**Student:** 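Here's a structure for you.
A note on names: the letters A, B, ... follow the listed sequences, proteins ahead of strands, and every chain is numbered from 1. Owing to the predicted nature of the structure, the values given are computational and were not obtained by experimental measurement.
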Protein chains: 2
Amino acid sequence: MGIVRKTKALSTVLQIFEEKNEAKSVVHLIELVKDKMNKTTVYRILDRLEQDGTIHSFNGKDGLKWYAKCEGCSANHHSDKHPHFQCTKCDKVECLPLEIKIPSIKNHKVDSTDILLIGQCEVCSM
Amino acid sequence: MGIVRKTKALSTVLQIFEEKNEAKSVVHLIELVKDKMNKTTVYRILDRLEQDGTIHSFNGKDGLKWYAKCEGCSANHHSDKHPHFQCTKCDKVECLPLEIKIPSIKNHKVDSTDILLIGQCEVCSM
DNA sequence: TCTAATTTTGCAACTCAATTGCATTAACAA
DNA sequence: TTGTTAATGCAATTGAGTTGCAAAATTAGA
Ligand SMILES: [Mn+2]
Ligand SMILES: [Mn+2]
Ligand SMILES: [Zn+2]
Ligand SMILES: [Zn+2]
């Protein structure tokens with residue numbers, strides 16, 4: 001089950017995602033709201049929001065878990081199949097609105113892809 | 001610095017990679033050699049082999065670290081840019097000898113890619 | 001508005017991969 | 001054979017993420 005009750009902690013987390021369309025690591029989120037709620041609460045709110053199709057998760061370069069807003073997903077269908085980009089200089093992570101073609105692989109069935117591009121972002125590559 | 005001395009522990013680990021051309025998770029490797037060496041030693045040997053360009057590492061679906069043999073890499077240049085495939089049924093991980101085209105991204109500089117395809121392997125998709 | 005059901009939260013304890021410090025052992029150049 | 005120092009074992013530690021449980025907050029309905 002996803003979100004059932006509208007709590008203050010939920011609004012606080014949601015607002016962070018509304019403010020700026022940028023991915024956030026859980027570690028960073030916990031730091032951002034550490035005066036307002038417990039880290040367990042952050043994990044649980046993120047879980048519920050993902051189940052609802054409000055946000056989606058993926059792993060960053062360092063192994064940390066990241067979350068970002070969804071577009072056009074719902075509780076029973078996550079349609080986020082886009083790649084992500086992580087900047088090695090400022091550590092910012094972006095969702096990339098593009099499709100990467102995966103060639104078919106002999107005798108294999110590909111269900112999903114997990115693509116992280118690493119490099120320098122718009123700001124840091126100048 | 002990479003490998004300097006040829007130790008028994010090193011040979012044991014190297015032999016595992018020689019035997020079969022398949023990726024191994026560190027957790028599995030530690031289990032395989034647990035009667036012969038300490039887990040810290042496994043981590044350190046893998047580090048040194050990666051520095052030498054003998055093996056390369058990447059993260060699996062579950063967040064664990066995996067290693068596989070390199071082909072044509074050296075101490076100062078890792079040329080492994082291939083994607084990996086992880087089977088959801090048997091958990092086997094393979095290096096895929098294919099190139100995935102990454103479209104250029106406006107104002108971004110892509111240095112490396114981290115591509116994991118998830119699905120069913122040759123054995124499990126039948 | 002008040003009550004009761006139940007979802008949500010805080011907190012402490014825990015798990016597990018990975019790392020670190022340090023004393024001891026093993027490799028190998030001379 | 002010996003001295004140097006790389007490599008190892010071991011115990012402690014780190015840090016992200018999880019779990020159990022009691023207390024608090026939300027919300028539907030009386
Ligand atoms: Mn995304
Ligand atoms: Mn590989
Ligand atoms: Zn940047
Ligand atoms: Zn399989």
**Student:** Five pairs at each end of the helix from C:dT1-D:dA30 to C:dA30-D:dT1: take the axis at both ends and give me the angle between them to 10°.
**Tutor:**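 Angle reported: 30°, given to the nearest ten degrees.
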
**Student:** Each nucleotide in nucleotides 24-30 of chain C should get exactly one letter: B, S or -. Can you fill that in based on protein heavy atoms under 4.0 Å?
**Tutor:** --BBS--

**Student:** Calculate, to the nearest 0.5 Å, the distance between atoms CD and NE2 belonging to B:Glu71 and B:His82 respectively.
**Tutor:**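 One finds 8.5 Å between CD of B:Glu71 and NE2 of B:His82.
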
**Student:** Do A:Cys95 and A:His56 come within less than 4.5 Å of each other through their side chains, counting heavy atoms only?
**Tutor:**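 They are in contact (side-chain heavy atoms under 4.5 Å apart), so the answer is yes.
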
**Student:** When you compare the side chain of A:Phe17 with that of A:Thr54, does any pair of heavy atoms fall below 4.5 Å?
**Tutor:**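 Heavy-atom side-chain distance check fails, nothing below 4.5 Å.
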
**Student:** Can you list, by residue number, the residues of residues 57-66 of chain A that have a non-hydrogen atom closer than 4.0 angstrom to DNA chain D?
**Tutor:**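 The answer is A:Leu64, A:Lys65.
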
**Student:** Taking the side chain as C-beta and beyond, is there a heavy-atom pair between B:Leu14 and B:Ile45 under 4.5 Å?
**Tutor:**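 Not touching, per the 4.5 Å side-chain cut-off.
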
**Student:** Less than 4.5 Å apart, any side-chain heavy atom of A:Lys69 and any of A:Glu18?
**Tutor:**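 A side-chain contact under 4.5 Å exists here.
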
**Student:** What integer distance in Å separates B:Arg44:CZ from C:dT20:P?
**Tutor:**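 Atom CZ in B:Arg44 sits about 10 Å away from atom P in C:dT20.
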
**Student:** Within the 4.5 Å heavy-atom criterion, are B:Gln86 and B:Asp91 side-chain neighbours or not?
**Tutor:**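 Counting from C-beta outward, B:Gln86 and B:Asp91 do come under 4.5 Å.
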
**Student:** Anything under 4.0 Å to a heavy atom of chain A counts; send over the first and last such nucleotide of DNA chain D, read 5' to 3'.
**Tutor:**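 First and last nucleotides in contact are D:dA16 to D:dT27.
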
**Student:** Going by heavy atoms closer than 4.0 Å, what residues in residues 26-39 of chain A are next to DNA chain C?
**Tutor:** A:Lys36, A:Met37, A:Asn38

**Student:** Name every donor-acceptor pair, under 3.5 Å, that has one atom in a side chain of residues 102-122 of chain B and the other anywhere in the protein, sequence neighbours excluded.
**Tutor:**
| unit_1 | atom_1 | unit_2 | atom_2 | d |
| --- | --- | --- | --- | --- |
| B:Asn107 | ND2 | A:Glu122 | OE2 | 3.1 |
| B:Lys109 | NZ | B:Asp111 | OD1 | 2.7 |
| B:Glu122 | OE2 | A:Asn107 | ND2 | 3.1 |

